[in-house]
Amino acid sequence: MKSQIKHQFAKNETHQIIDIADTIKSESYYCLGCGERVIPVKGTQKQHHFRHFKIDCNNESYYHIAGKAVFEYVWSKRNRDRQPIPLTLSRVVKCNKESCIDILGKENTCQNLQQAVYNLINLFSNYVVEQRDKDTNLIPDILLFNNKGHKCYIEICNTHSCTQEKIDTNIPIIEIKSSCESDLKYIMNGFFNHYDSNIKLFNFNVSSRDSSDMEHCSNKKKIITITIGEDHRLNYKYTSLCERKETINSVSFIDTTLPVIQLQKIQSFLSDNVSDPIGYRNCFRCQYVKDWKKGKVYCSFNRHDIPDYFGAMCNNFKVGN
């Protein structure tokens, strides 16, 4: 197993952060932590790295200071080049399709988690390093802010995590791990995702969004879809909501919906889709129907359950109001 590169990054004389692989013999380089001169070591026996010219600095302080320096460098370079620093979060997307709301009600429609990508540079136009926030009297490692008063703390974590005092401010905080060269490389890449093990997020509240075009419905609730067949009888289809296909001239509801509500939905459906209720003698259109369950209605005239198509041959059929 290869040993970990000790110092993969250093600053040149123009304060650019340079990878050991991109060093030039004629240039001088300086430690990101202590600022002392370092020498590129690019032999054949060991992994290439920067070595201190005199005394090596403390690893803990080095990675904390270097993490801040790398983030500041990436921010300045991306801002100058008009390039983004993406932060990917999760957003709850709720279905507001009319047919789903009709079946489930607005509060119970499907919802999925989708990525929401924000450009930190667009959100926060300015930054300062190790300066006191006058509103909280706290000193974040890096304070991002804009002219509207919005803020974000960047906390570089080597051995000490973000304090509870900072978390309790409700200011959004991105805690970024910096304890080895691969962590510095992660910061240098400048792409942050809430799933990454290198970061922790605090106080980010992403508002939900409604959509009428949900790509993947995952709702397994059982529903009943009713259509009028060519023989004028009602057809019943039992599926899960995620398997349901939009059908013209149909009515659907969850099979656990109260029977009285199901009855009202079916009667309303027939009222909207049958132009001649007297000629269309279905029990759901009759004034004597009081209840129904899976294809059978309770007839208050006959006082027992009967198939809904029984009205076609019933002498007591009367169109309800």
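Since the structure is predicted, the reported quantities are computational estimates derived from the model, not experimental observations.
Remark: the backbone N or O of Asn198 is not paired with any side-chain donor or acceptor of Asp196 at under 3.5 angstrom. Formation of a donor-acceptor pair under 3.5 Å by the Asp183 side chain with backbone atoms of Ser179 is found in this model. Formation of a donor-acceptor pair under 3.5 Å by the Ser250 side chain with backbone atoms of Thr225 is not found in this model. One N or O on the side chain of Asp133 and one on the backbone of Asp135 form a donor-acceptor pair closer than 3.5 Å. Side-chain N or O atoms of Arg285 include none that pairs as donor or acceptor with a backbone N or O of Val319 at under 3.5 Å. Checking side-chain atoms of Arg51 against main-chain N and O of Pro40 turns up no donor-acceptor pair under 3.5 Å. In this structure, the side chain of Asn146 engages the main chain of Leu123 through a donor-acceptor pair within 3.5 Å. The main-chain N or O of Gln83 is never found under 3.5 Å from a side-chain atom of Asp81 such that the two would form a donor-acceptor pair. Using a distance-only test at 3.5 Å, with no hydrogens or angles considered, no donor-acceptor pair links the side chain of Gln114 to the main chain of Arg91.
Between Lys42 and Thr23, the side chains place a donor N or O and an acceptor N or O closer than 3.5 Å (distance only, hydrogens not considered). Between the side chains of Tyr127 and Ser76, at least one donor N or O lies within less than 3.5 Å of an accepting N or O. Checking Tyr236 against Asp308 by side-chain atom types alone, a donor-acceptor pair falls below 3.5 Å. Using a 3.5 Å distance cut-off with no hydrogens or angles, the side chains of Tyr63 and Glu181 do pair a donor with an acceptor. In the model, Glu36 has no side-chain atom that pairs as donor or acceptor with a side-chain atom of Tyr30 under 3.5 Å.
The shortest distance between side-chain heavy atoms of Thr239 and Ile223 falls below 4.5 Å. Here the side chains of Arg303 and Tyr298 are in contact, with some heavy-atom distance below 4.5 Å. Within the 4.5 Å cutoff, the side chain of Ser161 has heavy atoms near those of the Glu175 side chain. Side-chain contact between Lys166 and Glu155 is present, with at least one heavy-atom pair separated by less than 4.5 Å. Taking the side chain as every heavy atom from C-beta outward, Ser178 and Asn158 never approach each other to under 4.5 Å. Looking only at side-chain heavy atoms (C-beta outward), Leu234 and Leu270 come within less than 4.5 Å of each other. Residues Ile39 and Tyr29 form no side-chain contact, since every pair of their non-hydrogen atoms from C-beta on lies 4.5 Å or further apart.
The nearest pair of heavy atoms linking Phe50 to Gln8 is CE1-O, 3.4 Å. Between Ile173 and Asn203, the shortest heavy-atom contact is CD1-ND2, 4.4 Å. Considering every non-hydrogen atom in both Phe317 and Asn282, the closest pair reads CE1-O, 3.2 Å. Nearest heavy-atom pair, Glu130 versus His64, reported as atom, atom and distance to 0.1 Å: OE2-CE1, 4.1 Å. Considering every non-hydrogen atom in both Val206 and Ala116, the closest pair reads CG1-CB, 4.4 Å. Ile306 approaches Cys299 most closely through the heavy-atom pair CD1-CB, 3.8 Å.
Side-chain rings of Trp292 and Phe284 approach one another, their centers coming within less than 6.0 Å. Remark: aromatic rings of His7 and Tyr62 are close, center separation under 6.0 Å. A centroid separation of less than 6.0 Å is found between the aromatic rings of Phe192 and Tyr186.
Taking the ring axis of Phe191 as reference, the NZ or CZ atom of Arg78 stays within 45° of it and closer than 6.0 Å to the ring centre.
Ionic pairing of Asp19 and Lys185 is not present here: no N-O contact between side-chain nitrogen and carboxylate oxygen is shorter than 4.0 angstrom.
Under a cut-off of 6.0 angstrom, the local environment of CD in Gln164 is crowded, with over 12 non-hydrogen atoms contributed by other residues, nucleotides or ligands.
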